Number of protein chains: 2
Amino acid sequence: MPPEARRTQQKDAIREAFASEGRPLSPQEALESAQSRVPGLGIATVYRAIKRFLTDGTLVAVELPGATTRYELAGLGHHHHFCCRRCDRVYDVEGCPPRVAELTPDGFELEAHEIVLRGVCSGCSQTAATT
Amino acid sequence: MPPEARRTQQKDAIREAFASEGRPLSPQEALESAQSRVPGLGIATVYRAIKRFLTDGTLVAVELPGATTRYELAGLGHHHHFCCRRCDRVYDVEGCPPRVAELTPDGFELEAHEIVLRGVCSGCSQTAATT
DNA sequence: CATGTAATGATAACAACTTCTCATTATCCG
DNA sequence: CGGATAATGAGAAGTTGTTATCATTACATG
């Protein structure tokens, strides 16, 4: 049996990072966010916490093309993602277009689908000017 | 100015691999396919050829969530991809569902989108039986 | 509050993929 | 054909992201 988990301010800070940011975070992003609460936090602890949160169902992995894996709180239901090419942040997007399943070639069995939108987020869009 | 390119049987074999397979290939897949034409072919040569083909517009990169980058012949037009979880091969799929752009959150600027279908390809589906 | 032990932080070690190095080979052009 | 040099193959070396090691710290319980 696995060792009993202890509650620590580090894990609390990491969990809180995902909850407060409200978008999928990479381990590095989670580290930076959580460090505002626990300054000395190390990246190894973030990886350990994420692994534990995946196991206990707190987080789920979000894989994106050409980017490192992000993680977000579980239980959000079916949704997709938007990647900003300026800040590299990933955002959740609601909804799902109709007829996605119709793309499936004959003889293929569709089990899941993912949609990734790309562009510039509202924050970066305002800051804009330069390309 | 860059050195003048020479035509070699290795590059021909690699280009032919992409043309004959008709689907996005990883460097490793391209190597295996091209080795049927040039047995001694090395992986370094495949990487060098791909880099050159990207530069001269012969190939384009296809990035997928949680998978190594694939490459395919350029000029295929807008399309999406299907990943088989059994054989890990990637296939092109025609078409594009309507209203994808409507998912974009307010204030965000959409520039592109990608759809990845997942499941089992027709080849693996027949071989099936086991899960 | 004393104690057993899970958790942490820093860093080394991994793993997967890609690029570099260099001696050798092949291509191209006069 | 002969020479200049681009291309190749094999393996070393880099990258980037993740996991393991280990001495130290901090939970949590009696």
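Computed from a predicted model, the values in this text were never measured in an experiment. Naming: A, B, ... by sequence-line order, numbering from 1 per chain.
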Original post:
Can you tell me if the side-chain N/O atoms of A:Y47 get under 4.0 Å from OP1 or OP2 in D:dT18?
Top reply: yes
**OP:** Do nucleotides 2-10 of chain D as a string where each nucleotide becomes B, S or -: B if the base has a protein heavy atom under 4.0 Å, S if just the sugar-phosphate does, - if no protein is that close.
**Re:** --BBBSBBB
**OP:** Figure out the CG/P separation between A:L31 and D:dT16, and round it to whole Å.
**Re:** 18 Å
Subject >> Test item: A:H113 side-chain N/O and B:L117 main-chain N/O as donor-acceptor pair under 3.5 Å >> reply: no
Subject >> Residue B:E32 excluded, over 12 heavy atoms near CD under 6.0 Å >> reply: yes
Original post:
Does B:L54 share a hydrophobic cluster with B:L76, counting links as ILVMFWY side-chain heavy atoms below 4.5 Å and allowing steps through other members?
Top reply: no
Subject >> Electrostatic pair B:R23:B:E72 at N-O distance under 4.0 angstrom >> reply: no
**OP:** Would you kindly say whether B:S33 and B:E21 are connected by a side-chain donor-acceptor distance under 3.5 Å?
**Re:** yes
Original post:
Judged by atom type as modelled, is there a donor-acceptor pair below 3.5 Å linking the side chain of B:K11 to the main-chain atoms of B:R6?
Top reply: yes
Original post:
To the nearest angstrom, how far is A:R70 atom CZ from D:dT18 atom P?
Top reply: 10 Å
Original post:
Rounded to whole angstrom units, what separation is found between the CD atom of B:E63 and the P atom of C:dC17?
Top reply: 14 Å
